[in-house]
Amino acid sequence: MDYRAIARKELEAMGAFRSPWLRPAFNAVDREAFAPSKFWGYDTDSDGRHHVIDRKADEDSWRRAVWNTHRSLITQMDDGTTPDAGPTKGNFSSSISALDIVFEKLNQLEVEPGQKVLHIGTASGYDSALLSEGVGSENLTTVEFDQTLAVWGAENLHAAGYTPETIWGDGLEGWKSSAPYDRIISTAAISSVPSQWLAQSKRGAVILAPYNTLFCYGGLLKLRVSAGIASGRFVGGACYMWVRSHRPSNQLNVPDDKRQEASPIDPEEILGLGWPARFAVGLYVPDIAFTHRGEGESKQVQLWDEDGTSVAIVDYDEWWHPESVTLYGERNLWAEVVQAYTAWRLADQPHFTRYGLTVDDVGEQLWLDDPYNLLEPMR
């Protein structure tokens, strides 16, 4: 079966080749040359384990997975400490992104031949190979934080005939010696835009990166640079692993003293929202994370702040009860989330693509519809 041809037809139907250079780039770059002989499948079994897909054991399944338009290939777990044997559980730390989001991001990048591009997150080298087709290897600098991945990606690129500048280093620092850049694209998620990216951008440059809040992951942020300021909107969804230094620590250090109160709203009304709405609400409370535990009458949500100094635990069952919300630390995190939800509702429940971010030498500001309509902090 020609799985590459199947993927090409599906991408064509999705409008993935709307930038003229992307169809020939897809045809030129063999994704199989950048996929390891063994990787973990994205989907899990009933026990939450990822199964290893081994080319030697089943080449047809391997090729089908490589060209699956909507599934990433997990190439590293737990920063390389988990061996490529399975089935296993673990935290993804590197992957070859699914074809649909790879090409959507490259469309959003609006790249032109000959432009200088900085690519953050080389990994296997597949995205870098596509970019080399678009701008020429001589105009691409690609940076990888993980040394093992950096070597692997560079070897894959050179074996396929591409010669971009390959760097082992921290992509958040950019790469000053080859700056300034017309385009900067990240294949790992950030929670804030590094000042170095802005400093190394030309006037009119585009910065494109997956953007996470602790509350909700998966926005795709597109900024344009002018006069030392970068500003733009969220243009879609892009669920990527964190840039390693932006990973949440999830360490709690809260006092034992607690206080209790009723919730003013059923938690399901907020936390049961679909992803687009949850991402929008999360922009008002970007430093609050949450997780669920229990089922049925025992179901609860636990929230904590980035510093780990405040916690809220909210019961789903009888949420109106005076003791349904238990609070630790100075902040009332549940009240902040409710306030964020109310602000979103009062704004007429705007889609997340109406929100944006502006970055300058002072800091970052999130906004709705217009850079002057700033989001008010909930704290």
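Note that the structure is a prediction, hence the values are computed from the model and not measured.
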Exercise. In terms of side-chain geometry, is the basic nitrogen of Arg247 or Asp79 positioned less than 4.0 Å from the acidic oxygen of its partner?
Worked result: yes

For this session: Please lay out, stage by stage, how Arg331 and Asp287 fare under the test salt bridge (charged side-chain N to carboxylate O under 4.0 Å, His left out).
Result: CA-CA 12 Å; Arg331 295 171 62 181; Asp287 73 330; 2.8 Å; yes

Exercise. Checking ring-ring contact (aromatic ring centres under 6.0 Å, His included) for the pair Tyr181/Trp197: CA distance, chi angles, key distance, verdict?
Worked result: CA-CA 9 Å; Tyr181 300 100; Trp197 293 3; over 10 Å; no

For this session: Test Phe352 against every option in Tyr211, Phe234, Trp275, Trp344 by the ring pair (Phe, Tyr, Trp, His ring centres under 6.0 Å) rule and name the one that passes.
Result: Trp275

Exercise. Aromatic rings Phe103 and Phe17: how do their planes relate, parallel, tilted or perpendicular, breaks at 30° and 60°?
Worked result: perpendicular

Exercise. Are Glu165 and Ser178 linked by a side-chain donor-acceptor pair shorter than 3.5 Å?
Worked result: yes

Exercise. Quick one: CG on Leu109 to NE2 on His119, what's the gap to the nearest 0.5 Å?
Worked result: 10.0 Å

Exercise. Does the pair Lys105/Asp127 count as a salt bridge with the N-to-O cut at 4.0 Å?
Worked result: no

Problem set entry | Shortest non-hydrogen separation from Ala335 to Asn332 and the atoms involved | N-OD1, 2.9 Å

Problem set entry | Main-chain N/O of Phe145 paired with Trp168 side-chain donor or acceptor, under 3.5 Å | yes

Exercise. So do the side chains of Leu283 and Thr213 get within less than 4.5 Å of each other, counting heavy atoms only?
Worked result: yes

Problem set entry | Leu22 and Asn107, any side-chain heavy atoms less than 4.5 Å apart | yes

For this session: Examine Lys299 relative to Tyr316 and say whether NZ or CZ is less than 6.0 Å from the centre of the six-membered ring and inside a 45° cone about the ring axis.
Result: yes

Exercise. Where do Phe92 and His50 land on the ring-ring contact (aromatic ring centres under 6.0 Å, His included) test, with the steps shown first?
Worked result: CA-CA 10 Å; Phe92 309 169; His50 297 270; 5.0 Å; yes

Exercise. Are any of the side-chain nitrogens in Glu12 or Arg23 under 4.0 Å away from the carboxylate oxygens of its partner?
Worked result: yes

Exercise. Is it true that the NZ or CZ of Arg31 lies under 6.0 Å from the centre of Tyr126's six-membered ring and within 45 degrees of the ring axis?
Worked result: yes

Exercise. Parallel, tilted or perpendicular: which describes the rings of Phe215 and Phe290, with under 30° parallel and over 60° perpendicular?
Worked result: tilted

Exercise. Would you say the side-chain atoms of Lys89 pair up with the backbone N or O of Asp47, donor to acceptor, closer than 3.5 Å?
Worked result: yes

Problem set entry | Donor-acceptor side-chain pairing of Asn156 and Tyr162 below 3.5 angstrom | no

Problem set entry | Donor-acceptor side-chain pairing of Trp334 and Ser263 below 3.5 angstrom | yes

Exercise. Side-chain heavy atoms under 4.5 angstrom apart, residues restricted to Ile, Leu, Val, Met, Phe, Trp, Tyr: same cluster for Ile167 and Trp152?
Worked result: no

Exercise. When you measure from the centre of the six-membered ring of Trp62, is the NZ or CZ of Arg55 under 6.0 Å away and within 45° of the axis?
Worked result: yes

